[in-house]
Amino acid sequence: MIPFNKPPYVGTELAYVREAVEANRKISGDGPFTQKATAWLEEQTGSQKVLLTTSGTTALEMAALLCNLSAGDEVILPSYTFSTTATAFVAVGARLVFVDIRPDTMNIDEKKIEAAITDKTKVIAVVHYAGVSCEMDAIMDIAERHGLLVVEDAAQGVLSSYKGRPLGTIGDFGCYSFHETKNYSMGEGGALLIRDPEYNEQAEIIREKGTNRSNFLRGEVDKYTWVSYGSSCLPSDMCAAYLYGQLLEAKRVYDDRMKSWTAYYRSFCPLQERGLVQLPVVPEGCVQNAHMFYLKCASLEQRDVLISFLKDKGVHAVFHYVPLHSSPAGMKYGRFDGVDAHTTAASDCLVRLPLFFGMTDDEVSSVISAVLDFFDRA
Ligand SMILES: *Cc1c(COP(=O)(O)O)cnc(C)c1O
């Protein structure tokens with residue numbers, strides 16, 4: 001069976017983990033490897049502040065807290081996303097307002113955002129699906145005109161960019177995930193990127209259990225104490241060591257994934273020309289990171305038959321999000337603004353193919369043959 005995902009492992013990670021344990025004698029948070037991984041991310045993205053977290057979800061929760069919302073404030077987001085884009089804002093008392101997606105990128109439709117704004121709207125939370133950017137110029141323009149904050153769920157978008165700007169650095173806050181299903185991993189982990197330095201101190205306090213320990217470690221205060229609400233958001237330095245090993249090989253991981261992605265894309269273009277499938281669209285100005293390869297079938301029924309056909313051929317393919325506005329919690333905490341023209345219909349037809357670091361040419365060819373075989377019979 002060709003698995004849908006294999007956790008990324010480049011081979012150097014364990015030497016760094018060993019160094020954390022045996023040489024550094026530092027396995028809790030904010031040790032030398034957290035500093036190294038953070039410095040690498042700041043350098044690569046140009047972000048003035050990156051904070052490593054225990055997950056992408058934790059980064060989203062920190063971002064939601066930093067938005068300083070009051071109960072009943074509204075957050076605009078796509079319905080086609082992972083649960084925690086939403087739960088982070090539910091936890092701070094916000095109401096969710098779901099907006100339709102564009103079927104070409106599966107990202108929030110920037111043209112439908114403005115109609116969803118009310119006098120309670122405070123935040124637009126965008127999701128860069130499959131590591132392909134949302135239309136950030138239009139979205140930042142709307143946010144500026146209405147005085148709204150922008151949170152980028154760039155969990156899938158590490159090392160992708162929009163008009164030359166790394167995803168996660170355009171909005172007020174950017175959130176990365178280093179879960180084992182993402183391009184670069186530490187098992188469970190993530191990062192928060194902060195655009196404006198005015199939020200740095202509050203972010204450090206939230207991350208350090210509500211204390212000003214970060215100021216203390218920098219010698220800015222002579223004792224540390226509980227100053228505000230916070231939690232424990234720092235990952236172990238052992239996990240940061242694993243991530244650091246992988247970040248140093250980021251180019252190799254990127255090229256490897258891109259090779260499989262491009263092979264899929266080229267092989268399925270003829271299917272698209274025959275009108276049998278729709279392939280992912282990467283708009284002008286967007287550079288994607290080969291996080292995911294999906295195609296869209298004609299219907300939900302065909303999608304399900306394709307998945308079971310592939311399973312019989314030894315290929316593990318999967319569908320993706322059930323739109324949040326039709327989930328029990330989504331109905332409780334939010335509403336869909338306008339018409340669901342594409343969210344449900346497009347998600348019903350979508351299937352994701354195996355794509356992971358180290359996928360062999362044979363594995364890629366087997367997946368391609370199986371998919372072509374299916375549509376030849378159809
Ligand atoms: C993976 C993912 C998350 C959650 O990240 P974790 O590190 O698993 O908490 C959030 N949003 C999106 C869009 C994701 O793909």
Side-chain angles (χ1 to χ4, degrees), residues 5-10 13 33-34 36-60 62-63 81-82 84-85 105-107 125-134 136 150-171 173-195 233 235 239-261 280 282 286-294 352 355-358:
N5 180 57
K6 275 186 194 170
Y9 178 57
V10 298
E13 296 91 334
F33 281 109
T34 301
K36 284 181 177 170
T38 302
W40 191 95
L41 288 164
E42 286 178 350
E43 159 102 35
Q44 283 292 313
T45 61
S47 171
Q48 63 87 29
K49 190 75 172 170
V50 173
L51 292 171
L52 229 52
T53 60
T54 45
S55 67
T57 297
T58 308
L60 285 162
M62 288 181 67
T81 184
F82 191 60
T84 60
T85 321
T105 57
M106 306 297 285
N107 284 335
V126 301
V127 181
H128 304 299
Y129 187 70
V132 175
S133 181
C134 299
M136 292 310 290
V150 174
V151 174
E152 294 179 73
D153 180 341
Q156 302 173 11
V158 180
L159 298 191
S160 291
S161 63
Y162 173 77
K163 300 189 179 173
R165 300 161 76 188
L167 300 192
T169 65
I170 303 166
F173 306 108
C175 304
Y176 286 171
S177 169
F178 301 119
H179 186 258
E180 73 167 32
T181 51
K182 303 303 199 290
N183 291 22
Y184 310 97
S185 185
M186 52 201 280
E188 302 279 354
L192 175 70
L193 285 71
I194 303 172
R195 195 189 60 202
C233 312
C239 299
Y242 187 100
L243 176 68
Y244 182 63
Q246 231 162 63
L247 292 178
L248 293 185
E249 300 290 327
K251 177 87 172 72
R252 181 151 71 93
V253 173
Y254 185 96
D255 291 346
D256 181 276
R257 297 184 73 106
M258 199 56 84
K259 186 168 65 102
S260 304
W261 194 97
V282 182
C286 299
V287 175
Q288 60 113 6
N289 59 359
H291 171 63
M292 181 194 302
F293 192 91
Y294 65 83
R352 296 179 292 158
L355 180 58
F356 47 85
F357 171 72

Using side-chain contact (heavy atoms from CB on, under 4.5 Å), reason through Glu188 and Glu180 one step at a time and then give a plain yes or no.
CA-CA 7 Å; Glu188 302 279 354; Glu180 73 167 32; over 6 Å; no
Assess the residue pair Tyr9 and Phe357 against the criterion (side-chain contact (heavy atoms from CB on, under 4.5 Å)); give the C-alpha distance rounded to whole Å, side-chain angles, the decisive distance to 0.1 Å, and a yes or no.
CA-CA 8 Å; Tyr9 178 57; Phe357 171 72; over 6 Å; no
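- Between the side chain of Asn107 and the backbone N or O of Ala130, no donor-acceptor pair lies under 3.5 Å.
- Listed by chain and residue number, nothing satisfies the ring pair (Phe, Tyr, Trp, His ring centres under 6.0 Å) test with Phe356 (two or more places apart in sequence, or in another chain).
- When the side-chain contact (heavy atoms from CB on, under 4.5 Å) test is applied to Asn289, the partners found at least two apart in sequence or on another chain are Ser160, Asn183, Tyr254, His291.
- Side-chain contact between Val150 and Ile170 is absent, with no heavy-atom pair separated by less than 4.5 Å.
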Please determine whether side-chain contact (heavy atoms from CB on, under 4.5 Å) holds for the pair Tyr176 and Leu193, giving the CA-CA distance in whole Å, both sets of side-chain angles, and the decisive distance to 0.1 Å.
CA-CA 8 Å; Tyr176 286 171; Leu193 285 71; 3.7 Å; yes
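- For the 3.5 Å distance criterion, the side chains of His179 and Thr181 qualify, holding a donor opposite an acceptor.
- In this structure a side-chain-to-backbone donor-acceptor pair under 3.5 Å is present from Ser185 to Phe178.
- A donor-acceptor pair under 3.5 Å is formed between the side chain of Glu152 and the backbone N or O of Gly168.
- Minimum interatomic distance between Leu355 and Ala290 (heavy atoms only, all atoms of both residues): CD2-O, 3.3 Å.
- Sorted pairs that involve residues 36-46 and meet side-chain hydrogen bond (donor to acceptor under 3.5 Å, both in side chains), not counting sequence neighbours, are lacking altogether.
- Between the side chains of Thr84 and Thr57, at least one donor N or O sits under 3.5 Å from an acceptor N or O.
- Between Arg195 and Ser47, the closest side-chain pair of non-hydrogen atoms is not below 4.5 Å.
- Heavy atoms only, all atoms of each residue included: Val10 and Gly245 are closest at CG2-O, 4.0 Å.
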Run the numbers on Gln246 and Glu13 for side-chain contact (heavy atoms from CB on, under 4.5 Å), then give the verdict.
CA-CA 7 Å; Gln246 231 162 63; Glu13 296 91 334; 2.8 Å; yes
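- A side-chain donor-acceptor contact under 3.5 Å links Thr53 to the backbone of Gly190.
- Counting heavy atoms from C-beta outward, Met136 and Val126 have side chains that approach closer than 4.5 Å.
- Counting only heavy atoms from C-beta outward, the side chains of Leu159 and Tyr184 approach each other to under 4.5 Å.
- The shortest non-hydrogen separation linking Ser161 to Gly164 is CB-C, 4.2 Å.
- Relative ring orientation between Trp261 and Phe293 is described as perpendicular, the plane-to-plane angle rising above 60° on a 0-90° scale split at 30° and 60°.
- In this structure a side-chain-to-backbone donor-acceptor pair under 3.5 Å is missing from Arg352 to Tyr294.
- Ion pairing of Lys251 with Asp255 is present here, as a side-chain N (NZ or NE/NH1/NH2) and a carboxylate O approach within less than 4.0 Å.
- Under the 4.5 Å side-chain criterion, counting only non-hydrogen atoms from C-beta, Asp153 is in contact with Leu60.
- We find the CZ-CD1 distance between Phe173 and Ile194 to be 6.5 Å, quoted to the nearest 0.5 Å.
- Between atom CE of residue Met106 and atom OG1 of residue Thr81 there is a gap of 11.0 Å, rounded to the nearest 0.5 Å.
- Shortest non-hydrogen contact noted between Gln288 and Met258 is O-CE, 3.3 Å.
- Shortest non-hydrogen contact noted between Leu52 and Pro235 is O-CD, 3.5 Å.
- For Leu167 against Gly157, the heavy-atom pair with the smallest separation is CB-O, 3.8 Å.
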